[in-house]
Trainee: 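Got a structure for you, written out below as structure tokens; questions coming shortly.
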Number of protein chains: 2
Amino acid sequence: MVENSELRKAGLKVTLPRVKILQMLDSAGLRHMSAEDVYKALMEAGEDVGLATVYRVLTQFEAAGLVVRHNFDGGHAVFELADGGHHDHMVCVDTGEVIEFIDPAIEKRQKEIVAEHGFELVDHNLVLYVRKKS
Amino acid sequence: MVENSELRKAGLKVTLPRVKILQMLDSAGLRHMSAEDVYKALMEAGEDVGLATVYRVLTQFEAAGLVVRHNFDGGHAVFELADGGHHDHMVCVDTGEVIEFIDPAIEKRQKEIVAEHGFELVDHNLVLYVRKKS
DNA sequence: ATGAATGCAAAAACTTTGCATGACG
DNA sequence: CGTCATGCAAAGTTTTTGCATTCAT
């Protein structure tokens with residue numbers, strides 16, 4: 001269950017749209033939802049929230065670190081709850097299925113590579129596009 | 001120098017717009033150009049090519065394997081010449097600078113991870129967001 | 001009460017498409 | 001010459017913004 005205190009902590013007023021959107025992200029079956037997905041889910045649930053608000057709120061949630069925005073291939077962004085831990089993604093090009101994973105070896109190498117170039121790692125984005133072995 | 005034979009090989013007629021766009025990608029300072037970038041560069045060079053054509057041609061080039069399309073964070077796609085070898089990217093969040101790199105250890109781990117999940121790797125996308133060490 | 005949040009509709013940013021004209025082979 | 005490519009403008013998508021109204025504190 002998502003807590004309203006998370007909103008307060010983020011300096012966001014606890015409004016109905018924000019609470020509903022947060023719950024939707026938490027309870028909907030899909031781990032990764034586009035703004036449109038969230039909007040449609042809210043409509044079906046009888047909640048009257050504007051699409052513009054969904055975009056605004058998701059952007060605020062991202063800024064607050066409550067959700068993470070992903071730009072997988074294919075035009076539209078998807079969001080997922082920032083359940084604490086970081087992870088990367090594997091996307092099946094045939095089914096669209098998304099699998100989350102984390103690999104310590106890769107994480108470690110990334111930091112090393114960046115350091116070798118005189119930088120520090122701020123963030124990273126790794127998506128593996130895969131297909132079921134035939 | 002980019003060869004027209006590459007176009008023929010790809011089954012594309014050798015037309016002025018296609019040649020110019022290919023040259024632009026090859027000779028422009030930027031390694032990664034958006035459709036808009038290519039269009040503006042062509043305008044400045046006095047070439048009269050429509051933006052729609054730039055999009056169409058870049059899409060054809062991608063299908064032909066002549067260029068690679070990247071969906072970095074931030075709305076618009078960028079293209080780069082497929083100079084043979086694959087590589088990943090490091091983007092400086094302060095300056096926008098893009099550094100290309102390839103790490104065998106990471107490449108290897110990716111294949112292993114995917115295999116462990118019963119998939120085969122079709123493609124992947126790794127972007128490290130970095131900052132100059134302060 | 002008062003400043004922030006919302007909803008709507010309009011606009012913006014990026015990309016694709018329809019169609020008549022023009023160019024390649 | 002026939003067909004494919006182009007240019008323009010119009011339409012599509014996804015996301016953002018202006019503004020009057022409503023809501024949280």
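What you are looking at is a predicted structure, and each value in this text was computed from that prediction instead of being measured. Sequence lines set the chain letters: A, B, ... in the order given, protein chains first and strands last, and positions in each chain run from 1.
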Trainee: Given atom CG of A:Leu58 and atom C1' of D:dT17, what is their separation to the nearest angstrom?
Mentor: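 These atoms are roughly 17 Å apart.
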
Trainee: Are any non-hydrogen side-chain atoms of A:Val127 and B:His124 less than 4.5 angstrom apart?
Mentor: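 Heavy-atom side-chain distance check fails, nothing below 4.5 Å.
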
Trainee: Please give, in whole Å, the distance from C:dA5 C1' to A:Asn4 CG?
Mentor: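 Nearest whole value for this atom pair: 16 Å.
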
Trainee: What integer distance in Å separates A:Asp48:CG from C:dT6:P?
Mentor: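 Answer to the nearest Å: 13 Å.
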
Trainee: May I have the distance from B:Asn71 (atom CG) to C:dC14 (atom P), rounded to whole angstrom?
Mentor: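 Result: 13 Å.
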
Trainee: In terms of the nearest nucleotide of DNA chain C, which residue is placed more toward the 5' end: B:Val78 or B:Lys13?
Mentor: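 It is B:Val78, whose closest nucleotide lies nearer the 5' terminus.
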
Trainee: For B:Val14 and for A:Gly50, find the nucleotide of DNA chain C with the closest heavy atom, then tell me which residue's nucleotide is more 5'.
Mentor: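 With B:Val14 and A:Gly50 compared, the 5'-side residue is A:Gly50.
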
Trainee: Which of these nucleotides, C:dC24, D:dG7, D:dC19, is closest to any side-chain atom of B:Thr53?
Mentor: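 Among the listed nucleotides, the one closest to the side chain of B:Thr53 is D:dG7.
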
Trainee: If you check the A:Pro17 side chain, which of D:dT6, D:dT14, C:dG7 turns out closest?
Mentor: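 Comparing D:dT6, D:dT14, C:dG7 against the side chain of A:Pro17, the answer is C:dG7.
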
Trainee: Using a strict cut-off of less than 4.0 Å between a Lys/Arg side-chain nitrogen and an Asp/Glu carboxylate oxygen, indicate whether A:Lys20 and A:Glu47 qualify as a salt bridge.
Mentor: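 Between A:Glu47 and A:Lys20 there is a salt bridge, with a charged N closer than 4.0 Å to a carboxylate O.
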
Trainee: Touch check for A:Ala35, heavy atoms < 4.0 angstrom, all strands: base, sugar-phosphate only, or nothing?
Mentor: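 Answer is nothing: A:Ala35 stays at 4.0 Å or more from every strand.
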
Trainee: Classify the ring geometry between B:His117 and A:Phe101 as parallel (under 30°), tilted (30 to 60°) or perpendicular (over 60°).
Mentor: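 Rings of B:His117 and A:Phe101: tilted, 30 to 60°.
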
Trainee: Between B:His76 and B:Glu36, do the side chains contain a donor N or O and an acceptor N or O under 3.5 Å apart?
Mentor: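 Short answer, no.
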
Trainee: So, A:His70 versus A:Phe72, ring centres under 6.0 angstrom or not?
Mentor: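 Judged by ring-centre distance (under 6.0 Å), A:His70 and A:Phe72 do meet the cut-off.
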
Trainee: Can you figure out which of D:dC8, D:dT16, D:dT3 approaches the side chain of A:Ala52 most closely?
Mentor: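 Closest nucleotide among those given: D:dT16.
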
Trainee: What is the distance, rounded to the nearest whole Å, between atom CG of A:Leu12 and atom P of C:dA4?
Mentor: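 My rounded result for the distance is 13 Å.
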
Trainee: Of the nucleotides D:dG18, C:dT16, D:dT14, which one has an atom closest to the side chain of B:Thr59?
Mentor: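 The closest nucleotide is C:dT16.
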
Trainee: Could you tell me the separation between the NE2 atom of A:His76 and the C1' atom of C:dA13, rounded to a whole number of Å?
Mentor: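 It is 17 Å, rounded to the nearest whole Å.
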
Trainee: Expressed as a whole number of angstroms, how long is the span from A:Glu62:CD to D:dT16:P?
Mentor: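 Rounded to the whole Å, the gap is 10 Å.
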
Trainee: Among C:dG7, D:dG7, D:dT15, which is the nearest nucleotide to the side chain of A:Tyr55?
Mentor: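 Looking only at side-chain atoms, A:Tyr55 lies closest to D:dT15.
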
Trainee: Rounded off to whole Å, could you give me the CG-to-C1' distance for the A:Leu51 and C:dC8 pair?
Mentor: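 From A:Leu51 CG to C:dC8 C1': 11 Å.
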
Trainee: Just checking A:Arg8: base, sugar-phosphate only, or nothing, at a heavy-atom cut-off of under 4.0 Å?
Mentor: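 Sugar-phosphate, no base atom in range.
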
Trainee: Regarding B:Arg18, tell me which of base, sugar-phosphate or nothing describes its non-hydrogen contacts under 4.0 Å with the strands shown.
Mentor: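 Sugar-phosphate, no base atom in range.
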
Trainee: If you only use heavy atoms from C-beta on, which nucleotide in C:dT15, D:dA5, D:dG7 is closest to the side chain of B:Thr15?
Mentor: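 Among C:dT15, D:dA5, D:dG7, the one nearest the side chain of B:Thr15 is D:dA5.
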
